[in-house]
Amino acid sequence: MRTTALSKTFAGTTVLRAAHLEVRRGEVHALLGGNGSGKSTLIKLLAGVYHADPGGRIQVQGVSSSADEWSPTVARSAGLHFVHQDPAVFPTLTVAENLAIGRGFVRGVGGRIDWSATLRRTAEVLERFSLEVSPDTPVAALRPADRTMLAIARALQDQEGAHDGVLVLDEPTASLPAGEVAILLAALRKYAAAGQTIVYVSHRLSEVLELADRVTVLRDGAQVTTRDTCDLTEEGLVELIAGRKLDGVFPERHGAVGQDVVMSVRGLAAGPLRGVDLDLHRGEILGVAGLLGSGRTALLRAIFGDLPVTAGGIRLAGKPYRPSRPARAMKAGIALVPEDRGTEGLFASLSVRENFSASVVSRYWSRARLQHRRERADARQLVSAYGVRPASDLPIAGTLSGGNQQKVVIARWLRRDPVVLLLDEPTQGVDVQARADIYEHVRQAAAAGTAVLLVTSDFDELAHMADRAVVLREGRVAVEVHGADLDPHRLTELSYLIKET
Ligand SMILES: Nc1ncnc2c1ncn2[C@@H]1O[C@H](COP(=O)(O)OP(=O)(O)OP(=O)(O)O)[C@@H](O)[C@H]1O
């Protein structure tokens with residue numbers, strides 16, 4: 001596959017400039033770049049979802065067309081298959097039904113669905129893609145990695161030759177917990193070994209070095225380089241992506257954690273939680289680890305008044321705190337940066353400035369008038385402090401790239417100087433420079449006294465950022481981790497081993 005001079009302009013702003021991408025048959029090719037560098041735009045052009053600016057060209061396996069005439073139909077006929085980050089599988093349907101949606105059911109006499117033939121064919125596809133699940137399992141019951149693999153199987157099931165097409169994956173591992181990432185990577189390695197061409201976007205650089213044969217790096221919409229991964233290190237990749245050396249992603253700890261307990265949780269039951277006990281101190285970053293379904297997100301939601309508490313209680317600064325709804329939690333000084341910013345964290349149709357102001361509206365009213373100048377100056381300062389791209393407070397938040405949306409959400413909550421900050425997977429889909437910025441802001445908030453509860457599947461992040469961590473298992477705190485045990489390998493071990501003991 002080859003793209004030449006591929007460009008895209010949105011309302012006068014060019015976000016992809018004459019991008020050149022060349023992918024060899026049978027290789028795994030990673031597409032890298034900072035947030036907003038144009039990776040998703042490039043993929044949407046390849047899918048024919050966006051129209052390219054005139055002048056570019058796309059060639060895939062003998063199909064060649066000017067880029068502005070490329071369409072979803074041409075992309076399909078050229079053998080391109082796309083799987084997005086949250087694959088569009090139907091959770092209430094079975095594995096067999098989901099596969100059939102891609103290609104149709106096997107029909108018998110009179111047009112009736114031939115179920116036994118459909119199940120036979122499904123079993124054959126599952127085997128081909130090394131998916132160890134039963135055809136009649138509802139998709140909701142699958143592990144997340146299996147759901148992505150199912151979407152891949154559905155996309156590729158009709159390839160004529162064994163591996164003729166190009167599989168394009170946009171951040172397939174971003175929302176998967178660590179253990180699931182390993183399962184998906186193993187599957188991708190297997191497909192690649194069998195000759196499947198794969199193009200994929202990721203911010204997880206160690207994973208890229210493990211999986212990809214070559215990388216193409218985009219910066220500000222232009223291709224910076226294409227290299228073999230065997231000549232590269234993680235630091236080298238960071239330098240190519242950021243355009244300069246980074247001094248280290250994780251900031252130093254600022255001072256010691258306070259002794260006073262800001263929040264104490266006792267016997268908390270809510271959703272899957274079965275009696276959680278924990279204390280959170282002033283200025284502390286308390287990490288929460290656990291496998292999927294262990295209750296990590298439920299814990300944050302219950303504290304934020306977004307999940308009914310059925311037993312136990314919470315005390316905030318020594319007083320009973322009953323979070324009946326988020327508005328009350330916010331009033332009490334609690335902030336939540338949710339995992340799913342797409343639907344919950346961001347006002348997508350408002351500008352970046354309005355998003356910033358929304359959390360502190362009363363600050364800008366004086367004598368019944370909105371203080372526009374102050375609002376604007378503060379918004380610009382936040383754009384610059386958090387490195388939001390494009391560097392303006394005017395764009396509509398929904399048009400920002402994924403990582404930039406996350407920066408806006410975090411900035412919005414942190415500026416309220418919360419007493420307790422709840423973070424759910426705060427750096428998912430965020431580039432390495434922005435990650436370093438976010439960590440620094442969280443550290444500063446902690447140094448100023450905010451108590452932070454950090455839920456993350458990234459054990460490296462947990463080990464470097466948390467002062468202490470708890471591992472949840474089946475709705476309870478299974479173990480508390482401090483000191484030397486606060487290490488990525490030990491945390492992985494604890495999260496998994498505890499399951500068996
Ligand atoms: N529909 C749109 N309207 C206006 N601007 C857009 C639109 N879609 C994307 N952009 C802009 O194009 C630029 C590139 O965005 P893109 O989503 O391709 O980045 P990305 O490299 O995939 O980033 P991330 O790593 O954060 O996902 C961004 O500045 C974004 O704001």
Side-chain angles (χ1 to χ4, degrees), residues 1-10 12-72 74-82 84 164-171 192 196-203 205 208-209 211-232 236-244 389-390 401-403 431-433:
M1 170 167 83
R2 178 181 296 125
T3 73
T4 356
L6 199 57
S7 300
K8 176 69 188 166
T9 304
F10 289 108
T13 310
T14 302
V15 302
L16 200 65
R17 301 159 208 281
H20 179 76
L21 174 68
E22 196 174 279
V23 178
R24 298 177 187 150
R25 184 183 293 276
E27 76 170 343
V28 178
H29 197 111
L31 187 56
L32 308 179
N35 295 133
S37 58
K39 304 177 297 294
S40 301
T41 304
L42 175 55
I43 285 182
K44 285 178 186 152
L45 290 174
L46 287 174
V49 180
Y50 285 164
H51 272 286
D53 296 349
R57 195 147 200 96
I58 302 177
Q59 283 167 270
V60 185
Q61 314 190 98
V63 178
S64 173
S65 155
S66 68
D68 51 339
E69 281 168 10
W70 197 257
S71 69
V74 182
R76 216 170 303 128
S77 68
L80 288 177
H81 304 282
F82 298 86
H84 298 287
D164 276 345
V166 180
L167 175 64
V168 184
L169 301 158
D170 195 353
E171 293 199 55
Q196 175 69 53
T197 311
I198 300 177
V199 176
Y200 95 112
V201 174
S202 179
H203 288 291
L205 303 181
V208 165
L209 290 177
L211 185 67
D213 301 301
R214 294 198 305 155
V215 298
T216 290
V217 179
L218 295 182
R219 204 186 306 141
D220 295 330
Q223 181 223 13
V224 178
T225 185
T226 296
R227 301 259 185 101
D228 289 339
T229 42
C230 58
D231 305 330
L232 284 166
L237 271 182
V238 169
E239 212 175 320
L240 286 172
I241 292 168
R244 62 188 177 83
R389 292 282 171 281
S401 75
D431 72 37
V432 59
Q433 170 69 63

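Keep in mind it's a predicted model, so treat the numbers as computed, not measured.
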Mark yes or no for whether [X], through its side chain, and [Y], through its backbone, hold a donor-acceptor pair below 3.5 Å.
{"X": "Gln61", "Y": "Ala78", "result": "yes"}
{"X": "Ser71", "Y": "Val74", "result": "yes"}
{"X": "Thr197", "Y": "Gly26", "result": "yes"}
{"X": "Asp431", "Y": "Gln433", "result": "yes"}

Quick test of your reading: applying ring-ring contact (aromatic ring centres under 6.0 Å, His included), list the pairs with at least one residue in residues 35-67, sequence neighbours left out, ordered by first then second residue.
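As it turns out, the ring-ring contact (aromatic ring centres under 6.0 Å, His included) pairs with a partner in residues 35-67, which skip direct neighbours, are Phe10-Tyr50.
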With [X] via side chain to side chain contact (heavy atoms under 4.5 Å, CB included) - residues at least two apart:
{"X": "Pro390", "answer": "Pro395, Leu400"}
{"X": "Ala212", "answer": "Val28, Ala30, Val208, Thr229"}
{"X": "Thr216", "answer": "Leu21, His29, Leu31, Gln223, Thr226"}
{"X": "Ile241", "answer": "Leu32, Leu205, Val217"}

So, do [X] and [Y] sit near enough that their side-chain heavy atoms are less than 4.5 Å apart?
{"X": "Asp170", "Y": "Ser40", "result": "yes"}
{"X": "Val166", "Y": "Leu46", "result": "no"}
{"X": "Lys8", "Y": "Thr14", "result": "no"}
{"X": "Phe82", "Y": "Ile43", "result": "yes"}
{"X": "Leu80", "Y": "Trp70", "result": "yes"}
{"X": "Tyr200", "Y": "Leu211", "result": "yes"}

Heavy-atom closest contact ([X] atom, [Y] atom, distance):
{"X": "Gly165", "Y": "Gln196", "value": "O-NE2, 3.2 Å"}
{"X": "Ala18", "Y": "Ser7", "value": "N-OG, 2.9 Å"}
{"X": "Gly36", "Y": "Ser401", "value": "N-OG, 3.0 Å"}

Can you name the residues that form a side chain to side chain donor-acceptor pair (under 3.5 Å) with Arg57, not counting sequence neighbours?
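Residues passing side chain to side chain donor-acceptor pair (under 3.5 Å) with Arg57: Ser64.
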Suppose we screen for side chain to side chain donor-acceptor pair (under 3.5 Å). Which residues come up paired with Arg2, at least two apart in sequence or across chains?
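Residues passing side chain to side chain donor-acceptor pair (under 3.5 Å) with Arg2: Glu22.
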Considering only residues two or more places apart or on different chains, which pairs with a residue in residues 213-226 satisfy salt bridge (Lys or Arg N to Asp or Glu O under 4.0 Å)?
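Qualifying pairs: Glu27-Arg214.
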Are more than 12 heavy atoms from other residues, nucleotides or ligands located less than 6.0 Å from atom CZ of Arg17?
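Yes.
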At what distance, to the nearest 0.5 angstrom, does NE2 of His20 lie from CG of Leu6?
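Reported value, rounded in 0.5 Å steps: 11.0 Å.
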